Peer 1: 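The structure's right below; bear with me while I get my questions together.
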Amino acid sequence: MRAAGRAAWARLWDRVAASDPGLLRLTAGLRTVASIALTLAVLSLLHASVPHLVAGAMSAMVSTFAIREKQRAGQAVTLALGLPVALASVSLSALLNSRVVAGDVFFVLLIFGAVYSRRFGDRGTALGLIGFQIYFLSLFIGATVSVLPRLYGVIGVAFVCSALVRFALVPETPTGTLDRLRRAFRARFAQLVTAQLGLLDAGPDDMEKALDDVREGTARLHETALLIQGRLEDGTSDEAVARLVQRRIADAEIAAERLGLLLLTARSAERGHTLTLHLPGAPVPSADRLPVRDGTTDTLRHELEALRLLVLRPVGADSGTGLAHVRNRLLGYREEENLPPAPDAVQDVFRGIGEAARAVLGLRIAVDGPQDESEDTPATTRSREELDAEDAAIAGSEEAEDAERTGLRRPTTRAAVQVAVGSSLAIVGGEFLSSQRWYWAVLTCWIVFLNTSSTGEILVKGYRRLLGTVLGVVAGIGLAGLVGHHTWTAFALVLLFIFAMFYTAPLSYTLMSFFVTAMLGLLYTLLHTYSASVLVLRIEETALGAACGVVAAALVLPVHTDRRTNELLGTVLARLTDVTEAAVDQLSGGAPAELLDKARDLDQALADLSASTQPLTHPITPLRARRDTARFVVALLETCAYHARYLAATAELLPTHPSIAADPRLREAGHRIVHNIGVIGAHVADGDAVGVIETGPSIASLLRPGTPGTPRYGRVTDRVLRHLQRLDEAVVGLARPLGVPIPAPAK
């Protein structure tokens, strides 16, 4: 019974870990709530008034969420510097409270400095955020000079409690975060295998939903891989270990994605296209193969379930003959003699299972060290030898950083100017709406500029904030009536909403705005300033602030969505060129390059592009054709990135892998791909650029022997050729929606 309970708890925890990679949202929410709760407890023992309790709660929240540095020492320094910044901010607010013009001018200057400070990294961002939010706090509670000594004590208590929670009660270390991210990767890998099982069993009517589940699982696995790669350097003390884990994560991601493509091919009358896994709404392939109830299909289903078990097995629990037998059997499918008699497409799925099992083995070795080899079969031994040879080939190198923009072209400077202008408009407009609550418009204008880079992004963020605010006002009115003046019940609900705010922030900005507004309704109740008209005024101020932000973004140093997406598209194409050119060069016998770092840069650039296209793909956009084009382009680029990742991972195996050797003839094939990417990039940068897309025979035909005695391409695996072919097709396909001319095929 106890064992069953532990197993159920482990499954539940795996689901939580998969939905929140690294438990980053859960940790942020718990730390913030714990800081506020501890602050309230201390202040209540000191018999603080309700306004001071509110001030302490908001100070604790700000001092907790503002700090984003990964190393504990850096967090401590920033927190220590944040206290004098907070005290100076609340002092100036209290001093300028009665001087309207001077106070407004200083507030605008403070906003400019807070945004401009983002150019100095995480510490500058945190100090700017603390300065702005504490100034806003003083306006919220109506701080005056006479109450400053008490406020100093309240803010000091809040910062001390925040430090105690951060470093003692809810600690977070880079190593611990990385370990949780690896567990999340394992859980999401298993979820993707589950979705692939659904794809195997889906009937014609269920095929579309099953394919959507596979797409979602693939995207989530990729998201977790990016999070891990972004934290490897801080989470491991040994650079060699970091590079090894990076390599194994990339292997596992590629193996999982390839297994989905092979299953899609096995279910279809024609070879599945990688784009199908990346483009929501893509036509569903005809499912005239499988599922059929025969021995081979039952075996395939059983082996996918075994793979899921192998992935989910907790660290330290992988000993024993039973699990070793499963691992050996799955790895055996990498050998031709162990494949069951079946059509080629089905045999490919078994091969894919074998490669996925090898990726799991490699990841376990990289994370946990050497494994028990007493139960190994010859196939497992060969896989271990390949992994050992690959590990020996991993070496490090440094990348040159891009030149930083200067002056008004620097994003932080431009954003600071824009938000200062927008805030000035919000102050003037807000004063007309309310001389007491005008700062809500300024806060909205400030927030819509955070983590946005174009006018379209600001418009969408403003719309989401307004929608969340309207819904939050409705909830706030209802809660205020229920809670009344029950102080501690209201504070308990405030803590619940704050946790929900931080937990949902990365998922839905609308939900976050809803919880913020509902929480503020409760705070107004505690401050005895609540009324339905106050919450309605908040809607009006929010709409005004969002409008001022959009106007400032559109008229002051504007960065239009098209321009922003074109810049990021150019970056993605440049990174794709780097990865493809370096991988093909190394596969052709060129000098080794740091390919996995280049691939990671490509993935990050693609993630930035995908985020920037949200205004174009948002459901409210009236330009449907443009929305479909944006989705199609991003999906094609994701397809290109997948094939480029595989080429990079394969090229790094040279010259250690026993079945892969350099082939100089690949340069010809790679040259065409790189040339075409360059033509597309030039067209994106300048619509009048002159360039022609090269088309011609397939990549594989370029390497086939033309005359007797010409060496075959057996030294390069067929799989490399397939990925090159798919990459070539995807690049040519990318030219069409971007308006790059493609010559008509010769007749």
Side-chain angles (χ1 to χ4, degrees), residues 271-283 561-584 598-599 602-603 605-606 608-610 612-613 616-617 623-648 666-702 721-747:
R271 178 173 290 278
H273 198 293
T274 320
L275 179 62
T276 309
L277 293 181
H278 298 139
L279 181 61
T561 303
D562 285 346
R563 173 183 158 192
R564 173 66 176 167
T565 53
N566 281 348
E567 288 178 352
L568 292 175
L569 177 56
T571 301
V572 172
L573 293 171
R575 298 288 181 266
L576 180 61
T577 299
D578 292 342
V579 177
T580 305
E581 193 169 28
V584 172
K598 292 179 184 292
L602 169 61
D603 288 336
L606 185 52
D608 293 340
L609 174 63
S610 181
S612 75
T613 60
L616 301 177
T617 59
L623 305 175
R624 300 303 175 89
R626 193 178 178 197
R627 180 186 64 186
D628 294 341
T629 298
R631 286 178 174 172
F632 184 68
V633 167
V634 171
L636 269 175
L637 287 170
E638 288 176 349
T639 294
C640 292
Y642 162 67
H643 295 299
R645 277 197 302 272
Y646 177 84
L647 293 174
L666 279 175
R667 281 198 177 90
E668 181 182 355
H671 172 78
R672 187 169 82 187
I673 298 174
V674 171
H675 167 80
N676 287 342
I677 298 173
V679 170
I680 295 172
H683 183 83
V684 169
D686 180 6
D688 297 327
V690 178
V692 179
I693 295 292
E694 292 183 3
T695 58
S698 67
I699 297 296
S701 67
L702 292 175
L721 293 176
R722 286 200 297 270
H723 282 275
L724 275 172
Q725 178 67 35
R726 291 296 193 183
L727 179 57
D728 182 51
E729 293 170 354
V731 169
V732 173
L734 190 62
R736 294 186 177 91
L738 294 176
V740 182
I742 300 177
K747 296 183 179 179

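Keep in mind that the numbers below use all heavy atoms, side chains included, and drop hydrogens, waters and symmetry copies. Note that this is a predicted model, so its numbers are computed, not measured.
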Peer 1: Could you give the distance from OG1 (Thr577) to NZ (Lys598), rounded to the nearest 0.5 Å?
Peer 2: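 Answer rounded to 0.5 Å: 11.0 Å.
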
Peer 1: Looking only at heavy atoms, which two atoms of Thr571 and Ala605 are closest? And how far apart?
Peer 2: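 Heavy atoms only, the tightest pair is CG2-CB, 4.1 Å.
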
Peer 1: Nearest heavy-atom pair of Leu606 and Ala641: which atoms, and what distance?
Peer 2: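 Distance-wise, the nearest heavy atoms are CD2-CB, 3.9 Å.
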
Peer 1: Please say whether more than 12 non-hydrogen atoms of neighbouring residues, nucleotides or ligands are located less than 6.0 Å from CD in Glu581.
Peer 2: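 Open: at most 12 neighbouring heavy atoms sit under 6.0 Å from CD of Glu581.
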
Peer 1: Roughly how far apart are His683 NE2 and Asn566 CG, rounded to 0.5 Å?
Peer 2: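 The NE2 atom of His683 sits 9.5 Å away from the CG atom of Asn566.
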
Peer 1: List the atom of Asn676, the atom of Val692, and the distance in Å for their closest heavy-atom pair.
Peer 2: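 Heavy atoms only, the tightest pair is OD1-O, 4.4 Å.
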
Peer 1: Distance check, rounded to the nearest 0.5 Å: Leu569 atom CG versus Ile680 atom CD1?
Peer 2: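 CD1 of Ile680 is found 9.0 Å from CG of Leu569.
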
Peer 1: Restricting to side-chain contact (heavy atoms from CB on, under 4.5 Å), what partner residues turn up for Asp608, sequence neighbours left out?
Peer 2: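 side-chain contact (heavy atoms from CB on, under 4.5 Å) check on Asp608 returns Leu568, Gln604.
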
Peer 1: Restricting to non-hydrogen atoms, name the atom on Gly681 and the atom on Leu573 that form the minimum distance, rounded to 0.1 Å.
Peer 2: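 Where Gly681 meets Leu573 most closely, the heavy atoms are CA-CD1, 3.6 Å.
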
Peer 1: What distance do Arg564 atom CZ and Leu609 atom CG have between them, rounded to the nearest 0.5 Å?
Peer 2: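 That separation rounds to 9.5 Å.
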
Peer 1: Which heavy-atom pair separates Ile693 from Pro741 by the least distance, and what is that distance?
Peer 2: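 It is CG1-O, 3.5 Å.
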
Peer 1: Output the distance between atom CG (Asp603) and atom CZ (Arg645), rounded to the nearest 0.5 Å.
Peer 2: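 One gets 4.5 Å once the value is rounded to the nearest 0.5 Å.
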
Peer 1: So, for Val584 and Gly670, which heavy atoms are closest and what is the spacing to 0.1 Å?
Peer 2: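 What the structure gives for the nearest pair is CG1-CA, 3.7 Å.
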
Peer 1: State, yes or no, whether a side-chain contact exists between Ile673 and Leu724 at a heavy-atom distance under 4.5 Å.
Peer 2: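 With C-beta onward as the side chain, the pair touches.
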
Peer 1: Between Glu694 and Val679, is any pair of side-chain heavy atoms under 4.5 Å apart?
Peer 2: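 The answer is no, as the side chains (C-beta and beyond) never meet within the 4.5 Å cut-off.
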
Peer 1: Any heavy-atom pair between the side chains of Arg726 and Thr639 that's under 4.5 Å?
Peer 2: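 Heavy-atom side-chain distance check fails, nothing below 4.5 Å.
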
Peer 1: Tell me which one of Ile677, Thr580, Val731 satisfies side-chain contact (heavy atoms from CB on, under 4.5 Å) with Cys640.
Peer 2: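 Of the listed options, the one satisfying the test is Val731.
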
